[in-house]
Amino acid sequence: MHIGIQELPKNLEMLYFFHKGKVMLDIKLIRNNLEKVKKAIIAKHEKVNLEKILELDQLRRQKLTQVEDLKCERNKKNELISKAKQSGQDAPVAMEEMGKISDQIKALDAEVARIDAELESLMLWLPNIPADDVPEGTEEKNQVIRTWGEPKKKDFPAKPHWDLGKNLGLFELDRAAKLSGSSFSMFTGLGARLERALLNFMLDTHIREGYKEVAPPYLVNRKTITGTGQLPKLEDEMYYSAKDEFFLIPTSEVPLTNFYQDEIIPGELLPIYLTSATPCFRREAGASGKDTRGILRVHQFNKVEMVHFVAEDQSAASLEKLVHDAEGILQQLGLTYRVVLLATGDMSFSSAKTYDLELWAPGVERWLEVSSCSNCTDFQARRANIRYKMKGGKPKFVHTLNGSGVAIPRLMVAILENYQEADGHIKIPPVLVPYMGGVTVL
RNA sequence: GGAGAGAUGGCUGAGUGGCCGAAAGCGGCAGAUUGCUAAUCUGUUAAGGUAAAUUUUUGCCUUCGCGGGUUCGAAUCCCGCUCUCUCCGCCA
């Protein structure tokens, strides 16, 4: 009696697309840093059965040594038979013994496979461990690191972007709702052109800073989206095409980070910087009622993303570069923003340290999150199996970082609300004028 | 969608049932040698797991696209899947 992997329950089988015997979050790290892992689980509000993981880990190793001993015996017998056959003799006793051993191996192998699958399905729920310099606690422990510019009030009553957009014909939210439903946007006329201008301006800027532009797929498979850590936790947040088992990307972090999935990058190529402008698709499940007006929260939006691949001793510095590159966009656009260091409880599943960039919007009188820059350390690299190798060295997991540079809708809101004039028109920020074909006012 | 071909180590590529984890070549690394920006010779050259020991080793196991099956034994035979290429069809 043996259980093949195909007879596993569907949910386990789905998780077993990973390399055989490969465990994505280092089980040794868990064994050796139990307290840190526990703390991370609590900080990030996850529920993971650590005891079960440790128990399965132990059981797995126990079974593994058993089956390996048997395999060793089998190999020896096989050699015996092989030699006998080659000298024209027969080895009926050894052959019969080997048959018995093989049966035992099959049974044990199946058991190990089942344990592996269960272990992996549990381990996929373990979040990344926050870096030591991240403040502990929930949202209210977030720290404003610096502010650029001043959150000024207009010397006339500032209009919110939905009024500005409607008056100037920059977007058509009613018609977007007609086509798709609530929380969809549709830029029109010079509004659409402004979006295109922003995307091009941001991409061009990043390319100049050493990023390679990528135009990736927007539909990705389950393995890819598990690699970056959106799955299994955020399954309900994503649009999914069941017929083809594709997920619509919630951010281009997913295809960009998985660019080197299952690869060993030659060490001398690091650091590698990728950027792309893609749509992002988010169901925003559980967010209904929040930010319903205007385009602050929509199911589909465009975003320019930056991703870094670096050696482990470079990731802390790389995060600063990433934030700096995102800030550069906002500075060139002359927008007031602040940099916020997120507390452990406000960080995403995959992140060890995150800075948010928030733009000041005088119309809605709020700080708007337009960028989230995260150091994911080796967390995503383990899941996606991305390594690098220096000459003569052993392969190691890379560190991956990602940050928006930046997301369009809230950037658009900030531009419209900040650059509005008393007469209801909107000035185009000077850096965008060339991208607008010379248009200076909306 | 249909027909066919293929998938082997960093790369090229041999291997149709038994010391094949895998020939050979290239590339890489180390050494030797030659007076010249290179040649020649020699050696070496994967990843993962696990145990002992321990900071560097040693033993054992696994891995020839993925997953099953046949067999005492599978890179090799059979089945399913994925991907790549060629041709046909369809199509933005």
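Residue numbers start from 1 in every chain, and the chains themselves are labelled A, B, ... in the order their sequence lines are given, proteins ahead of strands. Values in this document were obtained by computation on a predicted structure and should not be read as measured data.
The 5' end of RNA chain B is approached more closely, in terms of each residue's nearest nucleotide, by Cys72(A) than by the other of Cys72(A) and Glu96(A). Residue Arg31(A) is the one, among Lys71(A) and Arg31(A), whose nearest nucleotide of RNA chain B lies closer to the 5' end (criterion: closest heavy atom).
Here A51(B) is the nucleotide among U62(B), A51(B), G49(B) with the atom lying nearest to any side-chain atom of Arg61(A). Nearest nucleotide to the Lys106(A) side chain, out of U70(B), U62(B), C72(B): U70(B). Here A47(B) is the nucleotide among G49(B), A47(B), C72(B) with the atom lying nearest to any side-chain atom of Lys394(A). Residue Ser102(A) has its side chain nearest to G73(B) when only U62(B), A47(B), G73(B) are considered. Of the candidate nucleotides A47(B), U62(B), U50(B), U50(B) has the atom lying nearest to any side-chain atom of Lys28(A). Here the side chain of Lys85(A) is nearest to one of A47(B), C60(B), C72(B), namely C72(B).
Rounded to the nearest Å, the gap between the P atom of U62(B) and that of A5(B) is 33 Å. Nucleotides G28(B) and A38(B) place their P atoms 12 Å apart, quoted to the nearest Å. Atom name C1', nucleotides G2(B) and G68(B): the rounded distance is 27 Å, in whole Å. With C1' as the reference atom, C81(B) and C19(B) are 33 Å apart, rounded to whole Å. Comparing the same atom, C1', in C66(B) and in A7(B) gives a spacing of 11 Å after rounding to whole Å. For the P atoms, the distance linking A14(B) with G6(B) amounts to 12 Å, nearest Å. Separating the C1' atom of A23(B) from that of U8(B) is a span of 12 Å, rounded to the nearest Å. The gap from the C1' atom of C64(B) to that of U12(B) amounts to 16 Å, rounded to the nearest Å.
Using bins of under 30°, 30° to 60° and over 60° for the plane-to-plane angle, the ring pair Phe201(A)/Tyr435(A) lands in the perpendicular bin. Note on ring orientation: taking the six-membered ring where Trp is involved, the planes of Tyr218(A) and Phe281(A) are tilted (angle from 30° to 60°).
If you measure from atom NZ of Lys389(A) to atom C1' of C29(B), you get 10 Å, rounded to the nearest angstrom. The distance between atom CD1 of Ile101(A) and atom P of C61(B), rounded to the nearest whole Å, is 13 Å. Distance, Gln66(A) CD to C60(B) C1': 15 Å, rounded to whole Å. Atom-to-atom, CG of Asn78(A) to C1' of G17(B) comes out at 11 Å; the value is rounded to the nearest Å. As a whole-Å value, the separation of Ile115(A) CD1 from U50(B) C1' is 14 Å.
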Restricting to nitrogen or oxygen on both sides, can you table the protein-nucleotides 19-21 of chain B pairs closer than 3.5 Å?
residue, atom, partner, partner atom, Å
C19(B), N4, Lys83(A), NZ, 3.2

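Aromatic ring centroids of Phe379(A) and Phe349(A) lie under 6.0 Å apart.
Looking only at atom types and distance, the side chain of Glu305(A) has no donor-acceptor partner in the side chain of Thr278(A) under 3.5 Å away. Between His308(A) and Tyr211(A), the side chains place a donor N or O and an acceptor N or O closer than 3.5 Å (distance only, hydrogens not considered). No hydrogens or angles considered: nothing links the side chains of Asn128(A) and Ser351(A) as a donor-acceptor pair under 3.5 Å.
In terms of heavy atoms, Val370(A) sits closest to Val406(A) at O-CB, 3.5 Å. Here the closest heavy-atom approach between residue Ala197(A) and residue Met436(A) is recorded as CB-SD, 3.7 Å. The two residues Cys280(A) and Thr251(A) have their closest heavy-atom pair at SG-CA, 3.7 Å.
Applying the side-chain hydrogen bond (donor to acceptor under 3.5 Å, both in side chains) test to residues at least two apart or on different chains, the pairs with a partner in residues 395-404 of chain A are Glu253(A)-Asn402(A), Glu312(A)-Lys396(A), Ser315(A)-His399(A), Gln380(A)-Thr400(A).
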- [ ] Represent RNA chain B in dot-bracket notation, 5' to 3'. Only Watson-Crick or G-U wobble pairs with both distances under 3.5 Å count; pseudoknot-style crossings use [ ] and interstrand partners use |.
- [x] ((((((((.[[[..)..(.....]]]((((((.......))))))(((((((....))))))).[[[[[..)....]]]]])))))))....
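A cation-pi contact, defined as under 6.0 Å to the ring centre and within 45° of the axis, is absent between Lys212(A) and Phe259(A).
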